[in-house]
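Only one structure is covered here, and it is reproduced in the block below.
Atom set for the values below is all heavy atoms of this structure, side chains included, hydrogens, waters and symmetry mates excluded.
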Amino acid sequence: IDIGGDKLTVLANHWKSQSGDRDENIAIRTAEALAVRAEALAILAREPHAALVVTGDFNVDFDDPCLTVSFKAATDRDRAAGTSGAGTVFYNLLGDIPAAQRGSYYYARRKVWNTFDALLVAPAMLAPPDQPGPPWRVSPPEARATLTYALPPMREPGDRRPKAFRRVRIKDKPANY
């Protein structure tokens with residue numbers, strides 16, 4: 001994406017689902033994580049201060065080893081800031097949201113929130129505006145630019161997270177399954 005000469009590179013992802021054989025799925029998602037990381041690092045090797053966002057449905061929660069170990073993403077800004085080269089740690093913007101409010105997908109069958117969807121940014125995007133870096137920057141957490149939001153009909157009392165707007169129906173199961 002190029003707006004007025006300010007370039008933003010977005011790597012969109014949809015990793016292997018959790019259906020099927022668990023060990024096989026983990027192996028596939030690990031391979032996907034390593035392949036995407038290699039591409040992201042190649043971009044940063046060519047342009048160290050690139051505005052790079054890796055986003056999508058990773059089909060794992062934010063703390064899964066596929067994201068934290070294989071891809072090297074963290075919800076701690078300090079862990080990501082200033083990293084480079086093979087040691088690059090990408091920042092997961094879910095880190096700006098309090099843990100109790102994190103959720104991007106509500107799995108109705110198990111009645112549990114997952115954080116399968118995420119935005120991971122290159123460390124240079126964390127640099128303050130007065131330091132060298134890309135034109136696209138992540139606001140500091142106190143700016144509250146990363147927020148959870150839901151329309152009132154999609155909320156439960158006291159819960160700021162959205163409720164499922166899309167449900168997968170299973171044949172021969174009740175509608176509320």
Side-chain angles (χ1 to χ4, degrees), residues 1 7-107 109-128 131 133-134 136-142 145-148 161-162 164 168:
I1 300 169
K7 184 178 169 187
L8 174 68
T9 302
V10 178
L11 299 180
N13 292 262
H14 189 207
W15 291 2
K16 172 70 177 94
S17 74
Q18 293 193 12
S19 65
D21 181 77
R22 182 180 182 274
D23 292 338
E24 182 180 330
N25 293 342
I26 291 170
I28 292 169
R29 283 192 300 275
T30 298
E32 291 169 327
L34 294 171
V36 174
R37 179 172 174 77
E39 179 63 25
L41 292 181
I43 292 167
L44 293 176
R46 291 189 303 270
E47 194 177 342
H49 291 292
L52 173 62
V53 176
V54 179
T55 188
D57 179 352
F58 297 100
N59 274 307
V60 292
D61 285 311
F62 74 95
D63 56 354
D64 186 275
C66 285
L67 280 177
T68 61
V69 177
S70 299
F71 187 78
K72 292 188 183 165
T75 53
D76 178 356
R77 281 178 182 250
D78 292 337
R79 186 163 166 244
T83 61
S84 62
T88 298
V89 176
F90 290 81
Y91 179 63
N92 187 332
L93 292 180
L94 285 171
D96 286 355
I97 300 171
Q101 294 178 12
R102 293 178 190 162
S104 64
Y105 176 75
Y106 184 72
Y107 186 42
R109 184 172 165 196
R110 291 189 187 146
K111 296 181 174 42
V112 65
W113 274 98
N114 296 112
T115 53
F116 291 174
D117 309 291
L119 291 160
L120 315 173
V121 298
M125 294 180 72
L126 299 173
Q131 293 182 7
W136 299 82
R137 307 284 176 111
V138 175
S139 299
E142 54 273 10
T146 306
L147 298 173
T148 55
R161 297 177 291 189
V168 176

Problem set entry | Within-4.5 Å side-chain heavy-atom neighbours: Trp136 and Met125 |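 Side chain of Trp136 against side chain of Met125, heavy atoms only: contact under 4.5 Å found.
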Exercise. Is there a donor in the side chain of Thr115 and an acceptor in the side chain of Asp61, or the other way round, less than 3.5 Å apart?
Worked result: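 A donor-acceptor contact under 3.5 Å links the two side chains.
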Exercise. Restricting to pairs with a member in residues 22-48, which pass side chain to side chain donor-acceptor pair (under 3.5 Å), not counting sequence neighbours?
Worked result: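 Counting only pairs at least two positions apart or across chains, the side chain to side chain donor-acceptor pair (under 3.5 Å) contacts touching residues 22-48 are Lys16-Asn25.
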Problem set entry | Within residues 84-93 or reaching into it, pairs that qualify as side chain to side chain donor-acceptor pair (under 3.5 Å) - sequence neighbours excluded |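 Listed once each, the pairs are Tyr91-Asp96.
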Problem set entry | Test side chain to side chain contact (heavy atoms under 4.5 Å, CB included) applied to Asp64 - qualifying residues, sequence neighbours left out |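 Partners of Asp64 under the side chain to side chain contact (heavy atoms under 4.5 Å, CB included) test: Val60, Cys66.
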For this session: Return the set of residues passing side chain to side chain contact (heavy atoms under 4.5 Å, CB included) with Ala74 (not counting sequence neighbours), or none when no residue passes.
Result: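 Checked Ala74 against side chain to side chain contact (heavy atoms under 4.5 Å, CB included); matches are Arg79, Val89.
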Please report the closest heavy-atom contact between [X] and [Y], naming both atoms and the distance.
{"X": "Ser139", "Y": "Arg77", "result": "O-NH2, 2.7 Å"}
{"X": "Gln18", "Y": "Phe116", "result": "NE2-CZ, 3.5 Å"}
{"X": "Ala33", "Y": "Phe71", "result": "O-CD1, 3.6 Å"}
{"X": "Ala124", "Y": "Pro48", "result": "CB-O, 4.1 Å"}
{"X": "Leu44", "Y": "Ala50", "result": "CD2-CB, 3.9 Å"}

Exercise. Which is it for Val121 and Leu52 under the side chain to side chain contact (heavy atoms under 4.5 Å, CB included) test, yes or no, and what are the steps along the way?
Worked result: CA-CA 6 Å; Val121 298; Leu52 173 62; over 6 Å; no
Report yes or no: does [X] contribute a side-chain atom to a donor-acceptor pair with the main-chain N or O of [Y] at less than 3.5 Å?
{"X": "Arg137", "Y": "Leu126", "value": "no"}
{"X": "Thr55", "Y": "Ala12", "value": "no"}
{"X": "Ser70", "Y": "Leu67", "value": "no"}

For this session: Mind checking the CG-CG spacing from Leu119 to Leu93? Nearest 0.5 Å is all I need.
Result: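 Output value for this atom pair is 5.5 Å.
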Exercise. With sequence neighbours excluded, what pairs up with Phe62 under the ring-ring contact (aromatic ring centres under 6.0 Å, His included) test?
Worked result: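 Per chain and number, Phe62 pairs via ring-ring contact (aromatic ring centres under 6.0 Å, His included) with no residue.
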For this session: Determine which pairs satisfy ring pair (Phe, Tyr, Trp, His ring centres under 6.0 Å) with at least one residue from residues 8-57, sequence neighbours left out, and list them in order.
Result: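 Counting only pairs at least two positions apart or across chains, the ring pair (Phe, Tyr, Trp, His ring centres under 6.0 Å) contacts touching residues 8-57 are Trp15-Phe58.
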Problem set entry | Ile1 and Val10: CA distance, side-chain angles, deciding distance, side chain to side chain contact (heavy atoms under 4.5 Å, CB included) verdict | CA-CA 8 Å; Ile1 300 169; Val10 178; 4.0 Å; yes
For this session: Decide yes or no on side chain to side chain contact (heavy atoms under 4.5 Å, CB included) for Asp63 and Thr75, but give the supporting numbers first.
Result: CA-CA 9 Å; Asp63 56 354; Thr75 53; over 6 Å; no
For this session: Go through Thr9 and Val53 one step at a time and tell me if the side chain to side chain contact (heavy atoms under 4.5 Å, CB included) criterion holds.
Result: CA-CA 6 Å; Thr9 302; Val53 176; over 6 Å; no
